[in-house]
Amino acid sequence: MEEMENKQLNFIEEIIEEDLKAGNVTEVHTRFPPEPNGYLHIGHTKAMCIDFGMALKYGGKCNLRFDDTNPTKEDVEYVDAIIEDIRWMGFDFEDRLYYGSDYSDQIYNYAVEFIKKGLAYVDDLDVEQIREYRGTLTEPGKESPWRNRGIEENLSLFTRMKNGEFENGEKVLRAKIDMASPNINMRDPVIYRIKKEHHHRTGDTWCIYPMYDFAHPLQDAIEGITHSLCSIEYADHRPLYDWVVQKAGIKNQPHQYEFARLNINYTVMSKRKLRELVEKNYVSDWDDPRMPTLCGLRRRGFTPESIRNFIELVGVSRTNSVVDWGLLEHCVREHLNKTADRVMGVLNPLKVVIENYPDDLTEEFTVENNPEMPERGTRTVPFSREIYIEQDDFMVNPPSKYFRLKPDGEVRLKNAYFIKCTGFETDETGKVTLVKAVYDPASRGGESPDGRKVRGTIHWVSAKHALDAEIRLYDLLFKVENPDEFPEGGDYKQNLNPDSLIVLPSSKVEPALADAKPGDRFQFLRMGYFCVDKDSKPGALVFNKTVGLKDTWAKIASKG
RNA sequence: UGCGGAUUGGUGUAAUGGUAGCACGACUGACUCUGGCUCAGUUUGUUAGGGUUCAAAUCCUUAAUCCGCAGCCA
C-alpha cells in the first residue's frame, strides 16, 4: 500500500493511521469549512490540501461545508467563487456540498436539549456585563445572576428569543460550564445570539444564530466527520468542542486536531488587508495577478499542480513558520518547465538589420515546442532581414563574460543563423536604436560547418512577422519580507513594492501566438513563463509574467 | 503574573534512545542551440544550562524566547 511506501508521516497522518488500525474509525471523513465572507487565498490552500488530501490518501471522503452561522458577514457572492477555486485546485466534494445553515433546526433542537439537561441558560446580561463577568486571563470570572434560572423559564425564554420577541443583544443562550475555568473559552460561552438579519440561505426564518463553538462540533457530528482539522488558534477551543459533542450524546464523536497556518513572506494574507488593497486600488481587483488569492494566482499563471506540490513541500506541523515565496516560485517553474510550450517573445525590442540578407526573402525554421516533451511536436518560425532582439542582449561596452551580441561579436540566433555585429546607431542620449549585422549563410539552423563555437544564443522575432503584445511584468507585491514590520506610526502599505507591476505596451512576439487563448501558458525562451491574460484579444495580445527563469547572468552581472 | 501551544542549517521539514536526513536557497564544477533544464559536488543546524545513559534532537530538570486566548467573529 502507499502508506507503507511513505514512511515519513506527518502528525495528522499518524493519528489517522492509528485510528484506522485501532478501529476507532472505519473510514476517514473530513471537511473543508470555509466561511463565505471572502475570496480564498494561498493560505487557505493548506487547509484545503490537508482536508481533501487526507480523505484522498486514506480512501475516505471530504465534505465542502460553508460555515455560515453569522448572517451579518456572509454573502452568496463568495460561495460560487470558493467552489470554483476548490474545483480548480483539483479537489472533488462530489455531491457533498453542505451549508452549516442547513442544520439550523437540528442545532436549535440540540440547544433545547442542552437547556433541558441544565447545561445551558438564557442570560440577560449585556455585552459589556458579560465581558466584565468573564474575568481576565489571570482572574476567574463570576457567575451571572441569571445562571440558575429554572429549566422551564429558560425553555420559554429561548423560545421567545427564537420567536423574535427580544431585540439584538437583549438576551443570549449560554453554556453552563465553569466561570472559574483557566480556559476562558469554558467560562460559560455564549452559544446562541439574537441577530435580526437576513441570511443568504435561510432568509428571515431565523433571528437567532448559533455561535461557531456550538455549531461546528454539531455540524461535524451530523455529517459523520471523523477528523475535524483546523488551525492552531482553535486549540484552546478543543475542550469546548469535546464538551459539546459529549454532552450532546453523540455516538461516534468527531475529534478536532490543529495544525499551523501557512505564512509566506513578501505578501499579506489577512482578509482585511487584501480587501483594503482592492478597495483602495493598490491592486486592480481580487484577481490582480499580484494578489495571493487563488483567482489572482490563477490569472498570474500558477498551476494547481504547482500549488499542491508547494503545500506538500511545506509539510504539516504545529510550528509557526514563514515559508519563502521563492519555494512557491520554484514549484511553478518546475511544473511549467515540463509542461509549457516554448515560444520566442521580445519584451524590450531592439531592431537588428542583417545587411547581407536578401530584402525580400522569408525563411521558415522548424523548431521544437518543448524539449522536455518531444511529443509536443514542432512549429515553424519565420525569419527575415529585419529582426528584433532583446535590448539587454546587445551591449556596446560589455563586461567580460558577456556572451551576447556586442560590436564585432558573433552570436547565435536561436534555431536560425549566426550573426556578427558590424555596427550600431544611437540617438542623442546615446541609447542604441539599431544594430547592424551580417549573417553566415552556412550556419543555417544554428550550426556552423566549420565547427566554430559561439558562446551566446539569443532569441529573436522577425520584424515583418512579429505580433504586437502587451506584457505585464509582475513582481513581489511587497518589497520587504515581512510587510507587517514598519516604523512607529507607519503602515504596512508603505512596504508595497512600487515595481510590482511594469507594463510593456509594445513587445513583439512570434506569429504562432496569434490565437493564444486566455489562460494559455508559455515559456518565453530565456525570459520566463507567461500566461495569456483575460484582457487578451486576437490582435491585442496581453501576457502576464508568471515567474522568470532562474537568471544566472543577472547574478553575475550584479556582482560586477 | 492564568491557560494552551511551539523551539532542528538562511527557510521549511524528517529522525519517536543508536550514523542529524530531505527539499528550497546559496556556492563550485560539468553539460548545453534557453546564462533555462539536467547532472556532480560544497556549505551551514538540534534555544540555553544541568542530569540519566555505553549512547540524547529524542528521557528528566531548570530556564529563555516566540505564538495564541479575555467577540453576542470564525
Side-chain angles (χ1 to χ4, degrees), chain A residues 7-10 14 33-35 37 67-70 72-74 100 123 125-127 130-132 134-141 168-174 181-187 189-195 208-209 211-213 215-216 230-239 258 260 265 310 312-324 326-331 333-334 337-338 342 344 367 371-372 401-404 412-416 418 443 445-447 453-459 481 523-528 548-557:
Chain A
K7 264 195 63 91
Q8 290 186 351
L9 303 176
N10 65 50
E14 280 176 6
E35 186 187 12
N37 71 344
D67 209 341
D68 56 354
T69 52
N70 187 346
T72 61
K73 294 173 60 184
E74 295 144 8
D123 196 348
L125 259 30
D126 63 28
V127 203
I130 286 182
R131 188 181 309 132
E132 285 164 19
R134 186 155 36 222
T136 68
L137 294 178
T138 50
E139 301 161 298
N168 291 355
E170 229 179 289
K171 285 182 169 36
V172 292
L173 185 69
R174 291 234 248 170
S181 172
N183 182 344
I184 290 191
N185 295 302
M186 301 297 273
R187 318 236 261 232
V190 172
I191 56 176
Y192 258 92
R193 77 287 214 191
I194 300 169
K195 272 185 184 288
I208 56 171
Y209 294 90
M211 299 287 288
Y212 169 89
D213 281 320
H216 203 90
C230 62
S231 50
I232 286 286
E233 66 264 32
Y234 291 100
D236 291 338
H237 296 246
R238 192 181 343 125
E258 314 87 19
N265 56 15
F310 169 70
E312 183 69 30
L313 293 183
V314 164
V316 182
S317 75
R318 294 174 63 90
T319 314
N320 288 327
S321 61
V322 182
V323 178
D324 273 327
L327 184 62
L328 219 203
E329 292 191 338
H330 160 79
C331 293
R333 284 196 194 97
E334 186 183 52
N337 175 53
K338 292 184 190 130
R342 267 114 251 230
M344 291 196 284
V367 307
E372 306 283 327
K401 293 201 182 145
Y402 183 83
F403 305 146
R404 283 109 98 144
R412 174 190 292 111
L413 295 176
K414 175 79 180 173
N415 289 122
F418 288 5
S443 65
E447 298 290 356
K453 296 262 188 269
V454 286
R455 216 28 226 283
T457 299
I458 64 175
H459 61 281
E481 279 199 35
Q523 182 196 102
F524 282 15
L525 232 49
R526 303 205 307 133
M527 302 308 298
L549 257 27
K550 282 210 280 188
D551 191 347
T552 306
W553 168 245
K555 248 182 249 175
I556 296 168

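Chain letters run A, B, ... following the sequence lines, proteins first and then strands; every chain starts at 1.
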Checking all strands, does [X] fall into the base, sugar-phosphate, or nothing category for heavy-atom contacts under 4.0 angstrom?
X	value
Val190(A)	sugar-phosphate
Asp67(A)	sugar-phosphate
Tyr234(A)	base
Leu413(A)	nothing
His237(A)	base
Ile191(A)	nothing
Asn37(A)	nothing
Thr69(A)	sugar-phosphate

Say we look at [N] and [M]: how far apart would their [atom1] atoms be, to the nearest angstrom?
N	M	atom1	value
rU43(B)	rG10(B)	P	15 Å
rA6(B)	rA63(B)	C1'	16 Å
rG9(B)	rG4(B)	C1'	29 Å
rA15(B)	rC66(B)	P	28 Å
rA23(B)	rC73(B)	P	48 Å
rU8(B)	rU65(B)	C1'	16 Å
rC3(B)	rA56(B)	C1'	30 Å
rA74(B)	rG68(B)	C1'	15 Å

For [X], give me all partners under side-chain hydrogen bond (donor to acceptor under 3.5 Å, both in side chains), at least two apart in sequence or on another chain.
X	answer
Arg526(A)	Asp393(A), His459(A)
Arg174(A)	Asp123(A)
Asn183(A)	Asn185(A)
Thr319(A)	none

Within less than 4.0 Å of OP1 or OP2 of [N], is there a side-chain N or O belonging to [X]?
X	N	answer
Arg193(A)	rC73(B)	yes
Arg134(A)	rG71(B)	yes
Lys555(A)	rC27(B)	yes
Lys195(A)	rC73(B)	yes
Arg131(A)	rG71(B)	yes

Kindly compute the distance separating [atom1] ([X]) from [atom2] ([Y]), expressed to the nearest 0.5 Å.
X	Y	atom1	atom2	answer
Arg333(A)	Glu329(A)	CZ	CD	5.0 Å
Ile232(A)	Glu258(A)	CD1	CD	6.0 Å
Lys195(A)	Asn168(A)	NZ	CG	7.0 Å

**OP:** Just label rG71(B) as syn or anti from its O4'-C1'-N9-C4 or O4'-C1'-N1-C2 angle, using within 90° of 0 for syn.
**Re:** syn

With sequence neighbours excluded, what pairs up with [X] under the salt bridge (Lys or Arg N to Asp or Glu O under 4.0 Å) test?
X	answer
Arg412(A)	none
Glu233(A)	Arg261(A)
Arg193(A)	none

Write out a two-atom table: protein N or O, nucleotide N or O from nucleotides 57-59 of chain B, distance below 3.5 Å.
none

**OP:** Let me know, please, whether Asn185(A) or Thr72(A) comes out on the 5' side of the other along RNA chain B by nearest nucleotide.
**Re:** Asn185(A)

Find the distance [X]:[atom1] to [N]:[atom2] and express it as a whole number of Å.
X	N	atom1	atom2	answer
Glu258(A)	rG68(B)	CD	P	16 Å
Ile194(A)	rG71(B)	CD1	C1'	16 Å
Asp213(A)	rC69(B)	CG	C1'	11 Å
Glu233(A)	rA70(B)	CD	C1'	16 Å

Can you confirm whether [X] sits close enough to [Y] that some side-chain heavy atom of one is under 4.5 Å from a side-chain heavy atom of the other?
X	Y	answer
His216(A)	Pro33(A)	yes
Asn265(A)	Asp324(A)	yes
Ile208(A)	Leu173(A)	no

**OP:** Can you tell me which stems RNA chain B forms, taking runs of 3 or more consecutive Watson-Crick or G-U pairs with both distances under 3.5 Å?
**Re:** B:2-7 with B:64-69, B:10-13 with B:21-24, B:26-30 with B:38-42, B:47-51 with B:59-63

Original post:
In B/S/- notation, 5' to 3', how is nucleotides 34-48 of chain B contacted by protein heavy atoms closer than 4.0 Å?
Top reply: BBBS-----------

**OP:** Summarise protein proximity over nucleotides 1-16 of chain B in one line of letters, 5' to 3': B for base, S for sugar-phosphate only, - for none, counting protein heavy atoms closer than 4.0 Å.
**Re:** -BSSSSS--BSSSS-B

Subject >> Residues which pass ring-ring contact (aromatic ring centres under 6.0 Å, His included) with Phe310(A), listed by chain and number, not counting sequence neighbours >> reply: none

Original post:
Crowded around Arg318(A) CZ? As in, over 12 foreign heavy atoms under 6.0 Å?
Top reply: yes

Original post:
Can any side-chain N or O of Arg342(A) pair as donor or acceptor with the backbone N or O of Gln523(A) at less than 3.5 Å?
Top reply: no

